[in-house]
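Counting starts at 1 for both ligands and their atoms, following the listed order.
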Amino acid sequence: MNPILEEIFEKRTTKSVDGRTVKVNAQISRHEGELIRKCIELTGAEVSLEVGLAFGTSAMIICESLKKTERTRHYIMDPYQMYEASYGGIGLNNIRKSGFGDIIEFIDKPSQLALPELAQRNVTVDFAFIDGWHTFDHTLVDFFFTDKLLREGGIVILDDTDWPAISRLVSFIDSNRSYEYIAGTPPRTYKRNVSPLKQAVRSKLRNITDKRHCTLPRHGATAFRKMSEDHRNWDHFQGF
Ligand SMILES: C[S@@+](CC[C@H](N)C(=O)[O-])C[C@H]1O[C@@H](n2cnc3c(N)ncnc32)[C@H](O)[C@@H]1O
């Protein structure tokens, strides 16, 4: 395995651009990495996109897995990558050190601006990974524009689908859009400085709500295949 990825997964550290060891506080799990690899293999993807770069963990896995041809390209967008206080360019540096510098295009903008720009450029992708700003509406916008870029038969993975906001988006996709559920990874615990008791109560409530709203299993990350372009009537709505 790529030694940079190995360090991130084993020690949860990586190197800053000037070589210091820094903590990695945002990255996908090994399970999610495996799901990405499988989905890229399933689609034979050559062109992909990713929302949210952080330290480059998912980006390195995507770049490793893409089929290498003249078309091969990975589009990445993240408005905080170059901020010293956030990632200080570490994600991009890790990608370059891994030898993938010439297949990526990094867009230093938020996804809500970068994705429509790619659509205007008529970019088409075979695979997409959405792991950016995790509010319901933000992730919905990411999904909406990703769908415009994704070819029929292509796969999109949404990360953190065990979070309430993203799990509701999964329900929307499942009930309203022409996407087929493929697979997912085990859920990760959702905690934000709350006591174990509160966490347990929330988890029970969430299970009840999830069951009411979503027929799909609760996953850490969920993969969907695009079955067709959007042929719904202009006034279509299915509750979710
Ligand atoms: C959970 S991290 C992504 C981790 C990454 N997938 C990995 O495995 O290394 C979320 C990322 O989304 C980025 N982000 C936040 N808002 C964004 C936006 N509007 N557009 C694109 N990226 C955004 C953050 O800067 C952060 O790097």
Side-chain angles (χ1 to χ4, degrees), residues 1-2 4-17 22-37 39-40 48-66 74-98 100 104-119 125 127-146 149 156-163 165-166 169 185 187-192 219-223:
M1 196 199 247
N2 173 338
I4 303 174
L5 279 173
E6 201 53 50
E7 181 186 347
I8 292 177
F9 284 129
E10 282 300 311
K11 303 187 184 160
R12 300 202 65 173
T13 59
T14 194
K15 300 290 177 287
S16 66
V17 174
V22 294
K23 269 200 152 165
V24 170
N25 54 15
Q27 101 274 19
I28 54 160
S29 67
R30 280 189 199 266
H31 285 298
E32 289 159 355
E34 275 320 299
L35 182 65
I36 289 175
R37 286 185 212 280
C39 290
I40 291 185
S48 53
L49 74 81
E50 170 171 30
V51 176
L53 174 58
F55 298 95
T57 311
S58 46
M60 286 184 277
I61 293 176
I62 293 169
C63 289
E64 266 178 17
S65 312
L66 288 174
H74 182 46
Y75 298 93
I76 310 169
M77 57 214 74
D78 194 321
Y80 305 116
Q81 175 61 204
M82 303 316 293
Y83 279 24
E84 260 333 297
S86 312
Y87 304 105
I90 294 177
L92 277 176
N93 196 44
N94 279 344
I95 293 172
R96 289 182 186 129
K97 282 199 295 187
S98 308
F100 300 119
I104 62 148
E105 179 173 330
F106 174 67
I107 307 169
D108 190 5
K109 289 182 183 171
S111 52
Q112 68 271 24
L113 302 181
L115 289 167
E117 276 183 22
L118 290 179
V125 302
F127 172 79
F129 184 60
I130 299 178
D131 189 14
W133 193 256
H134 284 51
T135 57
F136 172 79
D137 41 340
H138 233 284
T139 317
L140 173 64
V141 169
D142 288 346
F143 171 77
F144 178 85
F145 280 107
T146 293
L149 297 160
V156 56
I157 299 180
L158 293 129
D159 199 23
D160 299 311
T161 45
D162 47 351
W163 292 31
I166 324 287
L169 179 58
T185 60
R188 294 205 267 182
T189 339
Y190 171 66
K191 47 181 170 197
R192 203 190 281 150
H219 289 306
T222 305

[atom]: the protein heavy-atom neighbour that sits closest, reported with distance to 0.1 Å:
atom                    : answer
atom 7 (C) of ligand 1  : Ser58 OG, 3.3 Å
atom 15 (C) of ligand 1 : Tyr80 CE1, 3.6 Å
atom 9 (O) of ligand 1  : Thr57 N, 3.2 Å
atom 20 (N) of ligand 1 : Ser111 N, 2.8 Å

Report all side-chain donor-acceptor pairs from residues 136-146 shorter than 3.5 Å, counting only partners two or more places apart or in another chain.
residue, atom, partner, partner atom, Å
Asp137, OD1, Thr135, OG1, 3.1
Thr139, OG1, Trp133, O, 3.3
Thr139, OG1, Thr135, O, 2.7
Asp142, OD1, Ser111, OG, 2.7
Thr146, OG1, Asp142, O, 2.7

**Asked** Do Ser48 and His74 come close enough that some side-chain heavy atom pair is under 4.5 Å?
**Response**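 Answer yes - side chains close enough.
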**Request:** Taking the side chain as every heavy atom from C-beta outward, state whether Ile28 and Ile61 have any pair of such atoms under 4.5 Å apart.
**Result:**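 Answer yes - side chains close enough.
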Within a distance under 4.0 Å of any heavy atom of [X], pick out the atoms of ligand 1 and give their elements.
X      : answer
Tyr87  : 25 (O), 26 (C), 27 (O)
Ala54  : 2 (S), 3 (C), 4 (C), 9 (O), 27 (O)
Gly56  : 9 (O)
Met77  : 21 (C), 22 (N)
Val51  : 21 (C)
Gln27  : 7 (C), 8 (O), 9 (O)
Gly52  : 3 (C), 5 (C), 6 (N), 11 (C), 12 (O), 13 (C), 22 (N)
Gln112 : 19 (N)

**Asked** Salt-bridged, Arg37 to Glu64, with N to O below 4.0 Å?
**Response**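 A salt bridge is present here (some side-chain N lies under 4.0 Å from a carboxylate O).
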**Message:** Between Arg30 and Glu6, does any side-chain N to carboxylate O distance fall below 4.0 Å?
**Reply:**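 Judged by the 4.0 Å cut-off on N to carboxylate O distance, Arg30 and Glu6 do form a salt bridge.
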**Message:** Can you confirm whether the side chains of Thr14 and Asn94 place a donor and an acceptor under 3.5 Å from each other?
**Reply:**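 Yes, Asn94 and Thr14 have a side-chain donor paired with an acceptor closer than 3.5 Å.
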**Message:** Would Asp131 count as being in polar contact with ligand 1, using the rule that some N or O on each side must be under 3.5 angstrom apart?
**Reply:**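 It does: an N or O of Asp131 is found under 3.5 Å from an N or O of ligand 1.
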**Message:** When you compare ligand 1 with Phe129, is there at least one nitrogen or oxygen pair between them that comes in under 3.5 angstrom?
**Reply:**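 In fact, backbone or side chain, Phe129 has no N or O that close.
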**Message:** Tell me the contacting part of Leu53 for ligand 1: side chain, backbone, both, or neither, using a 4.0 Å heavy-atom threshold, strictly below.
**Reply:**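 Leu53 to ligand 1: backbone contact only, side chain stays beyond 4.0 Å.
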**Request:** Kindly determine whether Arg12 and Glu7 satisfy salt bridge (Lys or Arg N to Asp or Glu O under 4.0 Å), including the steps that lead there.
**Result:** CA-CA 7 Å; Arg12 300 202 65 173; Glu7 181 186 347; over 6 Å; no
**Request:** Can you label the angle between the Tyr87 ring and the Phe55 ring as parallel, tilted or perpendicular, going by 30° and 60°?
**Result:**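 It falls in the perpendicular class, over 60°.
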**Request:** Report the member of Ile62, Asp78, Ile130, Asp142 with the shortest heavy-atom distance to atom 13 (C) of ligand 1.
**Result:**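 Going through Ile62, Asp78, Ile130, Asp142 one by one, Asp78 has the nearest heavy atom to atom 13 (C) of ligand 1.
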**Request:** Only heavy atoms count here, so choose which of Pro79, Ser86, Pro110 is nearest to atom 17 (C) of ligand 1.
**Result:**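 Closest candidate by heavy-atom distance is Pro79.
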**Prompt:** Applying a strict 4.0 Å limit to heavy atoms, is His138 in contact with ligand 1?
**Reply:**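 Contact present.
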**Message:** Suppose we screen for side chain to side chain contact (heavy atoms under 4.5 Å, CB included). Which residues come up paired with Glu105, at least two apart in sequence or across chains?
**Reply:**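 Counting only residues at least two positions away or on another chain, Glu105 forms a side chain to side chain contact (heavy atoms under 4.5 Å, CB included) with Arg73, Tyr75, Ile107, Arg121.
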**Message:** With a 6.0 Å cut-off (strictly less than), is the heavy-atom count around NE2 of His134, excluding the residue itself, greater than 12?
**Reply:**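 Yes, the 6.0 Å shell around NE2 holds more than 12 heavy atoms from other groups.
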**Polar side-chain atom of Thr57 near backbone of Gln27 as donor-acceptor pair, under 3.5 Å** =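 Looks like no, no N/O pair under 3.5 Å.
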